[in-house]
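Here is the structure we will look at.
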Amino acid sequence: MALAIALTVSDFSGLPTLGRVNQGFWIMAAFAVLADARPVTLPGKWNTAAIFPSICFTFAIMLIYGTAPAVIVQCLAVIVSSWRLRHAAWRAIFNMGQYACAIGLGHLVYLSVLEFNANYRMPAIVLAAVAWFAAKYLTTALAIYFRDRVAWWPMVLGPLAAEAMTTGALLMLAPAVMMNAQRRPEFLLAFLLPLIAVRRLAIMTAQQRHLANVDPLTGLANRKALVAEVTGAAANHSHLAVQGDPERGFALMVIDLDRFKRVNDVLGHEVGDRLLIAVGDRLANTVRTRPGDLVARLGGDEFAVVAKRLSDPAEARAVAQRIEESLIAPVVLDGLPLDVSGSIGIAMYPEHGTDFATLFRHADVAMYSAKQRGAGVAVYSPGVDTTSPACLGLLGDLRRALGRSDHGGLSLVYQPQIQVSTGEVVGIEALLRWHHPTRGEIVPEEIIRLAEPSPVMRLLTKWVLEQAVAHLAAWASVPRIAVNVSVRDLHNSEVVQLIERLLRKHGVSPHRLQLEITESALMADPHRVLTTLNDLHRLGIGIALDDFGTGYSSMQHLRRLPLTEVKIDRSFVQGMVSDSDDRAIVRSIIELAGALGLRVVAEGVEDEPAWRLLHLAGCDVAQGWFYSRTLTVDQVPGWLSTATPPVPGGTRAPDRTPTASLGSHA
């Protein structure tokens, strides 16, 4: 405003009287105000900026009558457009100031060129238009720079071409308007139809740009707009980092709805679309409390959020948890409440990437990690990324090891399962080990994490089953072997056919083989999993539910599935000696399983106090370091022939504390 006053105050002293202006002035002034009463604009920060046709007429007024009349008319037009667009008062005042600066600077350039040479009228108009545009554009850029502390050059150069095209076209119409206003004012009415056509063309262009950046179903930003937003945010937050701003980071969150396919399959795609619209509205309302953040729909049931100005991952997790909470309440469609939830993956700039492709891939990895663990929200960690070059290389090594005759360091070890009341060996559990030629021991959890999302998992399951069944055939004294299988193994009947073929090949009775599954496998696709489990049950294979008590759907599975036993998770067993809550959980599981006729196995039995508590609670079978360390294939026959597991009321069990070289006993 101070600059505007400095540039225009002298011209106001010579403001022409009403008698000195002709009919053309009033027509131009009326057109300027009326044109801005309906500016061309579309909602959304990723869309084209508003177009104000008034500048065509106020620039022409400046060329004829000078700065003061042009500023007055332009301010009236700003008041009208600000009222229609519901701009805040400070924004309207700022717009008046920057228009006054543009008009004042443009008029100064115009007069300077004419003073140099009066014949250079057209060059003077062009240079005045350039000065007008530079003043208007740069004052807007400076305001954004000081308010949002964004990177200067990306912010200035980004919309420059589009703004120069639209604003330049309007400014260059001013000479024609000026000539008609001076000579034949009534001809200005002829500009009405062309201006309507130009306005309509601007609307069509803005709509096309709008549709190119907006998801047509939900009205949210689409993937193209998301890419632009993340790219711009990366440049801006890099600038903040240089300034030492603590809020130098931002987060890209990927949200995938849980069980959405079931809604489409059962209720139809029309209901599914309405559900997506409702979810999009909830996400937008949640993020609206953080100015500058963006919600986008990527397609299907996948959404994304850009949360800006964050200082650490904890803030990003807090935003994600608010989003998660917004989805808790059911969405009611036609009187039918639909439960909706989502898994959210978070990637932080710059910790997890500095470009869109890297951030999106890492957020996607975190989202799938959250979905698999049922965690709801997960921040990216290299430890869960099976798509990194190192993980892909290790996965390739695993595939090659499975095809080698020496197994490439892969092996099975076994842990005995003992009847608590009698000390009888009732089975052994097969546990996977991999001694990598160059990386050393690879823990079982990492092997499964690498293999499960890929076709290598089926090859690994096939190898484990082949080894276990062959060992069963060689060990006649082993009542049964328990083998863990993954969720991928249960999605079709291939595993049933494989087991049937192996049992027939080695002449092993089906009841000597037991498969262990986890609740996460059941939740992934319960219908297909149930079909496969029923086929295995009819074949005579035992089914155990592993890690029981850590899921949230256990009760219904105990009734519906063809189970023979449940395994109490080691976290409860190892804590029961010192924690009364863990003791209560263990007792409850044992009583529930006993009432349903299921055998109960406690894993992770490390010491005598835990063993005695399990006996008092009525546990059937136990396994862990208290009885035996894990045994190699060569050690199993000797241990079976010499072992004397303790029985309640007998002598104290020998000390079987493992040494550091034995590795994991998981």
Side-chain angles (χ1 to χ4, degrees), residues 1-37 39 51-84 92-115 118 121-122 124-136 139 167-192 195:
M1 292 300 292
L3 180 61
I5 293 171
L7 288 170
T8 62
V9 65
S10 61
D11 204 52
F12 272 87
S13 61
L15 189 67
T17 63
L18 295 180
R20 290 177 54 194
V21 297
N22 65 2
Q23 183 183 10
F25 171 83
W26 298 111
I27 295 175
M28 289 188 295
F31 277 6
V33 174
L34 292 175
D36 278 10
I51 300 170
F52 299 99
S54 62
I55 62 177
C56 170
F57 300 103
T58 55
F59 191 66
I61 291 173
M62 181 206 77
L63 295 175
I64 302 172
Y65 299 104
T67 301
V71 169
I72 292 172
V73 174
Q74 187 67 70
C75 286
L76 291 174
V78 168
I79 292 172
V80 171
S81 63
S82 297
W83 172 70
R84 288 300 304 270
I93 294 172
F94 173 81
N95 288 341
M96 292 180 193
Q98 65 175 171
Y99 274 122
C101 289
I103 292 170
L105 184 62
H107 191 245
L108 181 63
V109 170
Y110 179 67
L111 293 179
S112 299
V113 174
L114 290 182
E115 287 177 5
R121 192 165 189 182
M122 193 60 202
I125 293 174
V126 172
L127 290 174
V130 171
W132 189 103
F133 175 78
K136 174 69 167 60
T139 50
T167 303
L170 289 170
L171 291 174
M172 287 297 97
L173 278 175
V177 173
M178 176 186 70
M179 293 175 63
N180 280 277
Q182 288 178 306
R183 299 177 182 178
R184 301 294 298 269
E186 66 275 13
F187 278 19
L188 286 173
L189 297 175
F191 278 86
L192 188 60
L195 280 175

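- Atom-to-atom distance recorded for Leu171:CG and Ile125:CD1 is 11.5 Å, nearest 0.5 angstrom.
- Closest approach of Ala32 to Thr58, counting heavy atoms only: CB-CG2, 4.2 Å.
- Atom CD1 in Ile5 sits 12.5 Å away from atom OG in Ser10 (nearest 0.5 Å).
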**Request:** Just do the side-chain contact (heavy atoms from CB on, under 4.5 Å) check on Ile64 and Met28 with the steps written out, would you?
**Result:** CA-CA 11 Å; Ile64 302 172; Met28 289 188 295; 4.0 Å; yes
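- Between Ala35 and Pro53, the shortest heavy-atom contact is CB-CB, 3.7 Å.
- Between Ile72 and Phe12 there is a side-chain heavy-atom pair separated by less than 4.5 Å.
- Annotation: the span from Trp132 atom CH2 to Leu170 atom CG amounts to 8.5 Å, rounded to 0.5 Å.
- Tyr65 OH to Met178 CE: the interatomic distance, rounded to the nearest 0.5 Å, is 11.5 Å.
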**Item:** Candidate pair Arg121 and Tyr110, rule side-chain contact (heavy atoms from CB on, under 4.5 Å), full reasoning
**Value:** CA-CA 8 Å; Arg121 192 165 189 182; Tyr110 179 67; 3.3 Å; yes
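- Judged by distance alone, with hydrogens and angles left aside, the side-chain atoms of Asn95 form no donor-acceptor pair with the main-chain N or O of Val78 at under 3.5 Å.
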**Prompt:** After noting the C-alpha distance and the side-chain angles of Lys136 and Thr167, does the key distance pass the side-chain contact (heavy atoms from CB on, under 4.5 Å) rule?
**Reply:** CA-CA 10 Å; Lys136 174 69 167 60; Thr167 303; over 6 Å; no
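- Tested against Tyr99, the residues Ile55, Thr139, Val71 include a single side-chain contact (heavy atoms from CB on, under 4.5 Å) partner, Ile55.
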**Message:** Applying side-chain contact (heavy atoms from CB on, under 4.5 Å) to Asp36 and Arg84, what does each step give before you reach the verdict?
**Reply:** CA-CA 9 Å; Asp36 278 10; Arg84 288 300 304 270; over 6 Å; no
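- To the nearest 0.5 Å, atoms CD1 (Ile103) and SG (Cys75) are separated by 7.5 Å.
- Taking both residues in full, the closest heavy atoms of Ala131 and Val109 are given as CB-CG2, 3.7 Å, listed atom of the first, atom of the second, then distance.
- Residue Thr8 holds its OG1 atom at 9.0 Å from CG of Leu3, rounded to the nearest 0.5 Å.
- When every heavy atom of Phe25 is checked against every heavy atom of Pro69, the shortest pair comes out as CE1-CB, 3.9 Å.
- The heavy-atom pair separating Gly97 from Met1 by the smallest distance is CA-SD, 3.4 Å.
- In plain terms, the two heavy atoms of Ser54 and Gln74 that are nearest each other are OG-NE2, 3.1 Å.
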